Amino acid sequence: MSQNLKAVKGMRDLLPELAEKFRYIESTASSTAGLYGFNEIRTPILEPTALFLRSLGDTSDIVSKEMYRFTDHGGEDLVLRPEGTAGVARAFLCEGLAQHLPLKLCYQGPMFRRERPQRGRYRQFSQFGVELLGVEKPQADLEVLACGYRILKTLGVLGTVTLHLNTIGDQASRQDYREKLVSYFSERKSELSKDSLDRLEKNPLRILDSKDPSDIALLKEAPKLHASLSEDAKTFFNEVTEGLKLLGIPFEVDERLVRGLDYYCHTVFEFTTTALGAQSAILAGGRYDGLISDLGGPKTPGVGWAFGVDRLAELLPERQSELAVISLIPLGQEAEMKAVMIAEDLRGQGLRVELGYSGNLAKRMKRADKLGSQAVVILGSDELIKGLATVKNLKLGTQSEVSISSLGAHLKSLS
Ligand code: AMP
């Protein structure tokens, strides 16, 4: 194939089987989030670049190296959205939604990051996310966490999943910790990885995230974030952890979990799986009380998360198609056209109907079998004159003559 007709690196065609898993995951997530009062919002896929520079922070990996950023023909600086929260925050401001607080919104759709592609990591991937705006109490964190947990449970993927939880405190806690961390690492610069030297300058908390063995060794003796927590931050986190225990949602406190984006405070969390190799994070989020004000809006607390649909699709157990397939096989010229009419009538009754288009009976039966048909309806010209059809129940191996007028009811009674 010509080189330039391939899909863009890291971007995939979702063939029907996978696309159906995406649809199922998204609709399960959306109806579960609906139980918590989250309503869907759809925001544009293109956003002004300034939105992400101001919300994610220019030291984040996303902003510093992963954005699909371009100038359009009118000279506007634009980005294919790399995540959903910033767009929701922008819509909140542009659409005057502040008067509807507290507000619960959910979203879904493609996100774009120019990362190194590998299994479970794509340059175009889909996320589903929720945002709860306007509630500063830990009860909001609990609702949002419970919603994520319930979605994973409903999808049947909890088996390999662990919830990692941490607090990064309020601003005062982080300021204090940042100073302690900088002073500790400044004396050990020679042992730090190149990336972490950079982080020391720009965003020292992110050193906690490092996967580099020598950074990890240094971190063992480093000052602990929890020792810098203010009383308020401790109380807040305590309410979240106690609440999770009461809800029966298991979790592990992971003091090294800080998350890569600037806008988080207090609670941060990540659901990870052991079933997907290196790309183990499936659902992640936290509290972001400063985001809306950073974007120039009123001080508005927020908490939310997003999960990766692509990764959940890999975890999803095999599923049976929801609607049983019925195959119609017409035999003879006259029956061919009649079959189109009967198929239409059956679809009108809510049945999923496939037509056997061509080939001899054996060939058509084979195709019906391949489609996983529950039953095959054979329409012979002679039978049609008598208003009858032969129904073969492929699951039970039985066969009966049924009148065309009661075909729909008969087929429905099979499932
Ligand atoms: P983040 O916005 O980075 O917190 O990501 C939230 C979730 O989106 C992750 O836990 C993943 O499940 C998913 N995700 C993030 N980046 C990618 C990617 N490049 N490819 C596939 N899924 C991703």
Side-chain angles (χ1 to χ4, degrees), residues 7-14 18 21-22 25-26 29 33 43 45 47 51-52 55-57 59-68 79-89 106-131 144-145 147-149 151-152 155 157-158 160-166 168 203 206 209 211 254 257-265 267-288 291 302-316:
V8 175
K9 186 174 172 189
M11 304 197 179
R12 308 191 287 166
D13 300 306
L14 302 179
L18 189 53
K21 281 191 176 176
F22 271 52
I25 291 169
E26 287 163 353
T43 61
I45 286 170
E47 292 280 6
L51 174 64
F52 300 107
S55 59
L56 305 182
T59 60
S60 65
D61 284 351
I62 293 182
V63 168
S64 60
K65 47 189 185 213
E66 296 168 1
M67 290 200 302
Y68 280 94
V79 168
L80 280 171
R81 64 180 185 192
E83 56 102 55
T85 304
V88 172
C106 62
Y107 62 85
Q108 65 191 54
M111 308 293 163
F112 302 82
R113 295 182 196 171
R114 201 175 184 288
E115 296 187 84
R116 198 166 48 78
Q118 55 177 266
R119 182 182 169 209
R121 188 159 77 195
Y122 308 100
R123 290 181 171 181
Q124 174 175 335
F125 58 98
S126 279
Q127 284 187 339
F128 178 96
V130 302
E131 315 290 359
V144 155
L145 277 160
C147 176
Y149 183 78
I151 291 171
L152 299 178
L155 290 171
V157 300
L158 274 182
T160 62
V161 168
T162 308
L163 165 59
H164 300 270
L165 186 76
N166 195 20
I168 53 172
N203 192 348
R206 292 223 36 229
D209 242 355
K211 306 271 182 297
D254 178 353
L257 181 68
V258 287
R259 312 261 309 126
L261 306 179
D262 272 5
Y263 56 53
Y264 288 113
C265 63
T267 323
V268 288
F269 54 85
E270 206 163 72
F271 286 85
T272 63
T273 173
T274 48
L276 292 182
Q279 302 311 309
S280 59
I282 49 171
L283 183 155
R287 178 163 277 280
Y288 50 84
L291 172 63
V303 53
W305 51 250
F307 70 70
V309 182
D310 302 69
R311 290 188 195 167
L312 272 188
E314 286 215 32
L315 283 186
L316 204 65

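Here the structure is a predicted model, which is why all the values come from computation and not from measurement. Just follow the structure's listing: the first ligand is 1, and inside any ligand the first atom is 1.
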Any N or O of [X] that comes nearer than 3.5 Å to an N or O of ligand 1?
X	answer
A306	no
R121	no
I282	yes
D310	no
A281	yes

Under 4.5 Å between any side-chain heavy atoms of [X] and [Y], yes or no?
X	Y	result
E314	I282	no
L163	L145	yes
I151	F307	yes
W305	C147	yes
L276	R119	yes

Heavy atom of the protein closest to [atom] (residue, atom name, distance):
atom	answer
atom 21 (C) of ligand 1	G120 O, 3.2 Å
atom 13 (C) of ligand 1	G308 CA, 3.5 Å
atom 19 (N) of ligand 1	E115 OE2, 2.7 Å
atom 4 (O) of ligand 1	R259 NH2, 2.7 Å

Q) Are the side chain of R121 and the backbone N or O of R116 linked by a donor-acceptor pair below 3.5 Å? A)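 Here the side-chain-to-backbone pair exists.
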
Q.
Test your reading of the model: is there a side-chain donor-acceptor pair from R113 to the backbone of P82, 3.5 Å cut-off?
A. yes

Q) What do you reckon, does Q127 put a non-hydrogen atom under 4.0 Å from ligand 1? A) yes

(Q) Within the structure, is a non-hydrogen atom of L283 found at a distance of less than 4.0 Å from ligand 1? (A)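 Under 4.0 Å: yes for L283.
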
Q. Does R113 approach ligand 1 within less than 4.0 angstrom via side chain, backbone, both or neither, non-hydrogen atoms only?
A.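 Side chain only; the backbone of R113 stays clear of ligand 1.
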
Q) Going through the checks in order, is the side-chain hydrogen bond (donor to acceptor under 3.5 Å, both in side chains) test met by Q127 and E83? A) CA-CA 8 Å; Q127 284 187 339; E83 56 102 55; over 6 Å; no

Q) Who gets closest to atom 23 (C) of ligand 1 by heavy atom: F125, F307, Y122? A) F125

Q: Output the distance between atom CG (L257) and atom CG (L165), rounded to the nearest 0.5 Å.
A: 8.0 Å

